[in-house]
Amino acid sequence: ADQLVIGTQDLSLTLDTKSGRVINGSFNGTELNLNQEFLYYRGASGNNEVFENRSSGAYIFRPNGTAHPILDGKDSIKFDFVAGDLIDEVHQTWGDFVHQIIRVYKVGVDYAEFDWVVGPLPDKKDPFDGREIINRFTTNLKTDGHFATDSNGRETLHRKLNHRDTWNVSIVEQEAGNYYPITSLLRLTGMPENSDKGVSLAVIPDRAQGGSSLADGQLELMVHRRLFRDDAFGVGEALNETAYGEGLIARGTHYVRAGSSEDKTALGKERVLAQDVLLPVILFFSSGKNYSKEQW
Amino acid sequence: PDSLELLREAMGVMQHHDAITGTEKQHVAEDYAKLLHDAVSGCAESSGDALRKIFANATNVSSQYNKMAVNMELETCPGLNISQCAYSEREDSFVVTLYNPLARTKKQFVRLPVQAGTQEAQISYTVLDHEGKAVPSQLVPVPSFVRNLPGRTANTTAELIFLAEIPPVGVASYLVNRQKTKNSEGENADYLYADLKSAKYNK
């Protein structure tokens, strides 16, 4: 088949089987043209003597150009598909150092999970001065540069691309100047083309990450970075963490919800989900050998 | 009280601006990891002690359970994020006790690293809730990019998934049984071939 649909009537994702990528989402009756992709920014390298020559590092985010796809458009993602009564999963391999498990549960929850496993990132032999990996969601929603982020897990703040509320700002570095800290929520609202019904898309990360909406209908969050120069802000080391002799591997999850922008309960549901992610259930294990079913 | 104080102190240290942002030196980052690991491990033990006391004094269970609860292990598995848990891997029958820290009922999918069978030696699992009712469960394979993570020592190749419901600021226990042969009478039993090439699924 050209397309693979995982999930149920209430919540599903559609993948293109040739490219292996998500191309559509259906969330409780709201259809959304939704693409999901991993990209990377290249690190900047300089002598740190002047502002314009600052290297990317532990403190500094100033990517060298716009983001590049992990896989070229012609390269397809290798994937496996698992289906069952409770959950459908797609296991994806995006080249050498990015993998993902996409999960759609069939009962009990109203979000999809994007469980990313990133690393080890290329070492110093890499032609670029380090890479910063992002997870980007692209929709056909017209948002005019507007999006929203949480403020340290509390109120939701309105953001606008290349804009500050209290002064006339001139953004010199387009990506860095529009990145915000995302503690628990990144969302946008807009109208799809040829439609008068608004749609909201929200991404809840499982840890604080940097993120933004750098183009209409787009959200991105940074998941991992490895850089090879010190940025002269005091640490005196490159951000080059290793484990078991290789670059660090990071694993985490993005929880994605969407729905009609008329749904006044959406923000509340996103806040509840963020609480569930922040304070998950704790598991304890004991032997069950003393229990027959009757005793249990 | 000592372990709680240790975790409080560790969390206090972690409020340092370089800890929050990740701009500390590498050896400091590793020391932070050690501080947190020691503190969290200690609190995991204390949490188990607290649960044992609650179970040993519970009045809505049999006195036999009260006596058994005094010696209940109540271990945690810090490697669950890399699909690793010695308990669920080695035990044929084990109890998962879930604690919900939120002040509302929580439904959460639980994922437990377990052995998958082979075509010759099939394995199935049943999950019972606290009323002895079978809970729907599903086995999914652990992908190779997780199985081969450096530092992962587990031999499990599958995860057992079920939806748990836990009361507000409360606990719920589930009994998981593994059967070494295909259990045709099992309620909601599920099995998974380790050799995925022979696995079949329906539309």
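Bear in mind the structure is a predicted one, so any value in this text is a computation, not a measurement. Every chain is numbered from 1, with letters handed out A, B, ... down the list of sequences.
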Checklist line | Cationic N near anionic O, under 4.0 Å, B:Lys107 to A:Asp276 | finding: no
Notebook entry, point to check: chain A heavy atoms under 4.5 Å from B:Glu75: which part of the residue, side chain, backbone, both or neither?
Noted result: both
Margin query: Which atoms of B:Val146 are under 4.5 Å from chain A, going by heavy atoms: the side chain, the backbone, both sets, or neither?
Written below: side chain
Checklist line | Part of B:Tyr87 within contact of chain A (heavy atom distance under 4.5 Å) | finding: side chain
Next item on the list: Pick one of side chain, backbone, both or neither for B:Val28, based on which atoms fall under 4.5 Å of a heavy atom in chain A.
Entry: neither
Next item on the list: Answer yes or no: are there more than 12 heavy-atom neighbours, outside A:Asp123 itself, under 6.0 Å from its atom CG?
Entry: yes
Check: Which bit of A:Gln275 comes within less than 4.5 Å of chain B, counting heavy atoms only: side chain, backbone, both or neither?
Finding: both
Check: Between B:Ser173 and chain A, which part of the residue has a heavy atom less than 4.5 Å away: side chain, backbone, both or neither?
Finding: both
Margin query: Tell me if the centroids of the rings in B:Phe109 and A:Tyr105 come within less than 6.0 Å of each other.
Written below: yes
Next item on the list: Examine whether an atom of A:Thr93 lies under 4.5 Å from a heavy atom of chain B, and if so say whether it belongs to the side chain, the backbone or both; otherwise answer neither.
Entry: side chain
Check: Out of curiosity, A:Arg251 CZ to B:Phe145 CZ, how far, rounded to the nearest 0.5 Å?
Finding: 7.5 Å
Notebook entry, point to check: Given that the side chain runs from C-beta out, which part of B:Glu24 has a heavy atom under 4.5 Å from chain A: side chain, backbone, both or neither?
Noted result: backbone
Item checked: Distance, nearest 0.5 Å, that separates CG of B:Leu80 from CZ of A:Phe285 -> 5.0 Å
Note to self: If we define contacts as heavy-atom pairs under 4.5 Å, which of A:Leu239, A:Asp115, A:Val107, A:Thr242 has the most with chain B?
What the structure shows: A:Val107
Margin query: Would A:Tyr59 and B:Asp18 count as a side chain to side chain contact (heavy atoms under 4.5 Å, CB included) here? Give the steps.
Written below: CA-CA 10 Å; A:Tyr59 293 82; B:Asp18 287 320; 3.6 Å; yes
Next item on the list: Please report the shortest heavy-atom distance between B:Leu128 and A:Lys293, naming the atom on each side.
Entry: CD1-CG, 3.6 Å
Next item on the list: Heavy-atom distances under 4.5 Å only: say whether A:Arg103 touches chain B with side chain, backbone, both or neither.
Entry: side chain
Item checked: Part of B:Leu98 within contact of chain A (heavy atom distance under 4.5 Å) -> both
Checklist line | Contacting region of B:Lys106 [heavy-atom separation from chain A under 4.5 Å] | finding: side chain
Checklist line | B:Ile166 portion near chain A, given a 4.5 angstrom heavy-atom threshold | finding: side chain
Note to self: What I want to check is whether the side chains of A:Glu241 and B:Gln26 have a donor and an acceptor closer together than 3.5 Å.
What the structure shows: yes
Note to self: Heavy-atom cut-off 4.5 Å, strictly under: side chain, backbone, both or neither for B:Ala44 against chain A?
What the structure shows: backbone
Notebook entry, point to check: From A:Ile87 CD1 over to B:Phe162 CZ, what is the distance, rounded to the nearest 0.5 angstrom?
Noted result: 13.5 Å
Next item on the list: Could you tell me whether A:Glu89 and B:Arg111 make a salt bridge, using a distance below 4.0 angstrom between a side-chain N and a carboxylate O?
Entry: yes
Next item on the list: Can you measure from CZ (A:Phe284) to SG (B:Cys77) and round to the nearest 0.5 angstrom?
Entry: 11.0 Å
Notebook entry, point to check: Would you say B:His16 has more than 12 foreign heavy atoms packed within less than 6.0 Å of its NE2?
Noted result: yes
Margin query: Tell me the closest heavy-atom pair linking A:His91 and B:Pro143, and the distance in Å.
Written below: ND1-CB, 3.6 Å
Note to self: Please classify the contact of A:Val82 with chain B as side chain, backbone, both or neither, using a heavy-atom distance under 4.5 Å.
What the structure shows: side chain
Margin query: Given 3.5 Å as the limit, does a donor-acceptor pair link the side chain of B:Lys25 with the main chain of A:Val235, or not?
Written below: yes
Next item on the list: Flag yes if more than 12 heavy atoms outside A:Glu173 fall under 6.0 Å of its CD atom; otherwise flag no.
Entry: yes
Next item on the list: Kindly check if the number of other-residue, nucleotide or ligand heavy atoms within 6.0 Å of CD (B:Gln15) is above 12?
Entry: yes
Check: Stepwise, does the side chain to side chain contact (heavy atoms under 4.5 Å, CB included) test hold for A:Val117 with B:Leu149?
Finding: CA-CA 10 Å; A:Val117 181; B:Leu149 283 170; 4.2 Å; yes
Next item on the list: Kindly compute the distance separating CG (B:Asn71) from OG (A:Ser287), expressed to the nearest 0.5 Å.
Entry: 12.0 Å
Notebook entry, point to check: Where on A:Tyr244 is there a heavy atom nearer than 4.5 Å to chain B: the side chain, the backbone, both, or neither?
Noted result: side chain
Item checked: Contacting region of A:Glu246 [heavy-atom separation from chain B under 4.5 Å] -> side chain
Item checked: Nearest heavy atoms of A:Ile249 and B:Pro150, plus distance in Å -> CD1-CD, 3.5 Å
Notebook entry, point to check: Given that the side chain runs from C-beta out, which part of A:Glu113 has a heavy atom under 4.5 Å from chain B: side chain, backbone, both or neither?
Noted result: neither
Notebook entry, point to check: Could you give the distance from CE (B:Met68) to OH (A:Tyr291), rounded to the nearest 0.5 Å?
Noted result: 3.5 Å
Check: Any side-chain heavy atom of B:Ser47 sitting closer than 4.5 Å to one from A:Ile282?
Finding: no
Next item on the list: Report yes if the side chains of A:Leu283 and B:Leu112 come closer than 4.5 Å at any heavy-atom pair, otherwise no.
Entry: yes
Note to self: Which heavy atom of A:Ser286 sits nearest to which heavy atom of B:Glu73, and what is that distance?
What the structure shows: CA-OE1, 3.8 Å
Next item on the list: Would you confirm whether A:Trp296, through its side chain, and B:Asp129, through its main-chain N or O, come within 3.5 Å as a donor-acceptor pair?
Entry: yes
Margin query: Using heavy-atom distances under 4.5 Å, tell me whether A:Pro280 contacts chain B through its side chain, its backbone, both, or neither.
Written below: both
Note to self: For the CG atom on A:Asp96, are there more than 12 heavy atoms of other groups (residues, nucleotides or ligands in this structure) within a distance under 6.0 Å?
What the structure shows: no
Note to self: Tell me which of these, B:Leu51, B:Thr21, B:Asp92, has more heavy-atom pairs under 4.5 Å with chain A than the rest.
What the structure shows: B:Leu51
